[in-house]
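Just so it is clear, the model here is predicted, and its values are computed rather than measured. Numbers here are sequence positions counted from 1.
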Amino acid sequence: MSLRTFGFDEFSFLLQSLQWTVVLTIIALIGGGLLGFAVALARTSSIKAVRVAAGTYIQIIQGIPVLMILFLSYYGLSLAGFELPPLIAAGASMTIYASGYLAEIWRGCIQAVPKQQWEASESLAMTRLQQYRYVILPQAVRISLPPTVGFAVQVVKNTSITSIIGFVELARAGQLINNATFQPFRVFIAVAALYFVVCYPLSQLSRWLERRLHAGSNR
């Protein structure tokens, strides 16, 4: 029996699977961003019980490997009678994972806004919502851009874990092609190169934003 060789068709399959890696990353960042933003606000709440609940959520998510979250979403829910398609289970797991880390990143950025900004907005008789909308969040967003973009790189690489439940993203596509060609060096060099093509520009963007925004804040 002749084996297939790693050629144009196989590389095209990797490119198609890379699209699903990007889609899953976008789902995780959007869903995790929305949930993480709510948790970050709760983490900075003036109500102690809300702060404790938000802090507990962050500690739990950061204390559990994302692989365990994935197992619970896919296999755990199936035992309870909820059969989730791999994309839904992967998207939900990556969303939960991203929310725990983005919440802590953004909490730090909100609290990094100088105390004088809070005091100045309070002296203008602003409500808590107005303080966040007009004074605190615009400054916190500026601070948060570099670490958020940097975290996006970690999300891209961690999507490879979803291959364990059969979701065909870039890493899973590489496994399938290697099983058909038995050319692991060529296959996984190509997989690594495609990850690099996505992650390296994001890493550079994060560094550029950090230099740019830090220089702007100094001025």
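For the residue pair Q204 and R207, a side-chain donor N or O sits within less than 3.5 Å of a side-chain acceptor on the partner. For the residue pair R142/Q139, the side-chain donor-acceptor check at 3.5 Å is not satisfied. Side chain to side chain, T148 and W106 meet the donor-acceptor criterion of an N or O pair below 3.5 Å. For the 3.5 Å distance criterion, the side chains of S73 and S93 qualify, holding a donor opposite an acceptor.
The shortest distance between side-chain heavy atoms of S121 and Y134 does not fall below 4.5 Å. No side-chain heavy atom of Y97 sits under 4.5 Å from any side-chain heavy atom of L67. Residues Y75 and I165 are in side-chain contact: their nearest non-hydrogen atoms beyond the backbone lie under 4.5 Å apart. Put simply, the side chain of M126 does not reach to within 4.5 Å of the side chain of Y132, judged on heavy atoms. By the 4.5 Å heavy-atom criterion applied to side chains, L137 and R133 are not counted as neighbours. Using a 4.5 Å heavy-atom cutoff, the side chains of V22 and Q19 are not in contact. Residues L202 and V156 meet the side-chain proximity criterion, which asks for heavy atoms closer than 4.5 Å. Looking only at side-chain heavy atoms (C-beta outward), I96 and I61 come within less than 4.5 Å of each other.
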Next item on the list: Start with the C-alpha gap between W20 and V168, add the side-chain angles, then the distance that decides, and say whether side chain to side chain contact (heavy atoms under 4.5 Å, CB included) holds.
Entry: CA-CA 8 Å; W20 285 109; V168 184; over 6 Å; no
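Applying the salt bridge (Lys or Arg N to Asp or Glu O under 4.0 Å) test to pairs two or more places apart or on separate chains, those with a residue in residues 103-123 are E104-R107.
Atom CD1 of I161 is separated from atom CE of M68 by 9.5 Å, given to the nearest 0.5 angstrom. With rounding to the nearest 0.5 angstrom, the OH atom of Y74 is 11.5 Å from the CD1 atom of I164.
Within the hydrophobic cluster formed by Ile, Leu, Val, Met, Phe, Trp and Tyr side chains joined at under 4.5 Å, directly or through other members, F8 stands alone, with no partner residue. Hydrophobic cluster membership of L129, counting Ile, Leu, Val, Met, Phe, Trp and Tyr whose side-chain heavy atoms lie under 4.5 Å apart directly or via other members: none, as it forms a cluster of its own.
With sequence neighbours excluded, the residues forming a side-chain contact (heavy atoms from CB on, under 4.5 Å) with I27 are V23, L87, T95, listed by chain and number. For P201, there are no side-chain contact (heavy atoms from CB on, under 4.5 Å) partners two or more places apart in sequence or in a different chain. Qualifying side-chain contact (heavy atoms from CB on, under 4.5 Å) partners for T162, counting only residues two or more places apart in sequence or in other chains: L24, L70, A90, M94, F167, E169.
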